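Notes follow once the structure below has been shown.
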Amino acid sequence: MKRQKMIMISRRNIMYLLGGVASTALFSNYALAKPNLALKRIKEISKNNVEEIDLFLDVPEIAENGNQVKVSFDIDSPMTNDDFVKTVYLLADGNPAPNVAKFSFSTDMGACSATTRMRLSKTQNVYLLAEYNNGKFAMTKSKVKVTIGGCGG
Amino acid sequence: MSKIKPRGKVPKKASVDEIIEIKTLIRHPMHSGRMKDKNGKNIPKRIINKFLVKFNGKQVFVMNLEPSISTNPYIAFPYKAKETGTFDFEWTDDNGEKYTMSRKMTVS
């Protein structure tokens, strides 16, 4: 009798598990169906002329506190008058607003890198869009898992 | 509210063509306009929206900040040392106030 009961419980647990898997699949579909404001903004800035390459964007894989997430990037560029990175945009697709920051570089800086701290309201992708002086655009993205969101409200 | 106070770290000495790192921090609440106070009222938006760096009067770096930047914005960036001079940092608040700071650097 006792054994039978145990089997019953485990079967129920399996049902819960299955239900959980199904709902996560559903919710991820829902998330994909929402318009991605960050990508839309990238298209607007770059006029749909962007190349996805591997720029160095350093964000933590898991951020325990979404209020203070350290972001740094380093773009390999000689930073001479003929070849330099003009502007770098930082965007996030899960925050209430996609724009995070815009950095305007000059050739006096000698390197194209910066560090700052940003807020992330939930688990999302962080995008880096670089505009070169010849009008080309390059982007990269990185996923950050957020334990406690940091946008208030 | 705590006083808004800029802080910065610039190396005092550098050699020619050395790429130095400049670190800045300003104490500022960066209210995004979405947070609520203890009584459930919305705190109006008030952020630092622009950070500008000049070296000997010439603009070298600008950063436009959005509400997604954390409280007490920390900004670090590189600079290639060429000559002795002064860095002027300027933060612009949403209410129009400007906070400034200058640091000297000797290049040998």
Side-chain angles (χ1 to χ4, degrees), chain A residues 37-38 41 45 58 63 65-75 77-80 84-122 124 126-127 144 146 149-153, chain B residues 9 14-26 28-37 40-45 47-83 85 87 107:
Chain A
L37 290 171
R41 187 85 187 94
I45 298 167
D58 187 16
N65 181 359
N67 266 317
Q68 297 264 337
V69 184
K70 195 176 174 185
V71 195
S72 66
F73 61 85
D74 194 346
I75 298 167
S77 165
M79 295 303 270
T80 56
F84 69 99
V85 180
K86 220 161 69 176
T87 325
V88 173
Y89 298 88
L90 198 61
L91 303 113
D93 63 5
N95 276 1
N99 294 349
V100 176
K102 179 186 160 192
F103 305 83
S104 308
F105 286 89
S106 69
T107 49
D108 289 337
M109 297 177 75
C112 180
S113 68
T115 308
T116 188
R117 291 191 195 124
M118 68 181 283
R119 292 181 176 130
L120 289 171
S121 64
K122 60 182 184 192
Q124 58 182 285
V126 175
Y127 296 84
V144 186
V146 179
C151 266
Chain B
K9 208 174 182 182
S15 49
V16 178
D17 280 354
E18 185 191 346
I19 293 178
I20 55 163
E21 195 186 29
I22 297 162
K23 294 170 182 169
T24 65
L25 185 87
I26 184 162
H28 191 277
M30 291 293 276
H31 292 310
S32 67
R34 287 174 183 275
M35 293 189 199
K36 290 187 171 93
D37 63 7
K41 267 190 180 169
N42 257 357
I43 303 172
K45 181 181 166 227
I47 61 162
I48 295 276
N49 54 43
K50 199 177 178 191
F51 171 64
L52 198 147
V53 183
K54 281 182 185 168
F55 183 71
N56 286 349
K58 194 190 168 200
Q59 182 179 311
V60 289
F61 179 63
V62 187
M63 179 178 168
N64 294 73
L65 291 86
E66 302 281 341
S68 287
I69 296 289
S70 303
T71 309
N72 305 340
Y74 165 82
I75 305 159
F77 58 93
Y79 186 76
K80 196 174 185 179
K82 277 188 201 108
E83 50 179 349
F87 285 101
V107 174

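The basis for the numbers below is simple: all heavy atoms, side chains too, and nothing from hydrogens, waters or symmetry mates. None of the values given here were measured: they were computed from a predicted structure. Residue numbers start from 1 in every chain, and the chains themselves are labelled A, B, ... in the order their sequence lines are given, proteins ahead of strands.
- Between A:R41 and A:N99, the side chains place a donor N or O and an acceptor N or O closer than 3.5 Å (distance only, hydrogens not considered).
- Counting only heavy atoms from C-beta outward, the side chains of B:F51 and B:I26 never approach each other to under 4.5 Å.
- The aromatic rings of A:F103 and A:F73 lie perpendicular to each other, with more than 60° between the two planes, well past the 30° mark.
- Remark: side-chain polar atoms of A:S121 are paired, donor with acceptor, to backbone N or O of A:G94 under 3.5 angstrom.
- Proximity of a side-chain donor or acceptor of B:N72 to a complementary backbone N or O of B:H28 within less than 3.5 Å is detected.
- Using a 4.5 Å cut-off between heavy atoms, B:K23 does not touch chain A at all.
- Between the side chain of A:T116 and the backbone N or O of B:Y74, at least one donor-acceptor pair lies under 3.5 Å.
- Contacts between B:T71 and chain A at a heavy-atom distance below 4.5 Å involve backbone atoms as well as side-chain atoms.
- A:A97 touches chain B through its backbone: at least one of N, CA, C or O sits under 4.5 Å from a heavy atom, while the side chain does not.
- At a 4.5 Å heavy-atom cutoff, the contact between B:P78 and chain A is made by backbone and side-chain atoms alike.
- The residue among B:N64, B:L65, B:L25, B:I75 with the most heavy atom pairs within less than 4.5 Å of chain A is B:N64.
- Of the residues considered (B:I22, B:N42, B:I19), B:I19 shows the highest number of contacts with chain A, using heavy-atom pairs under 4.5 Å.
- Of the residues considered (B:I43, B:D17, B:V60, B:V53), B:V60 shows the highest number of contacts with chain A, using heavy-atom pairs under 4.5 Å.
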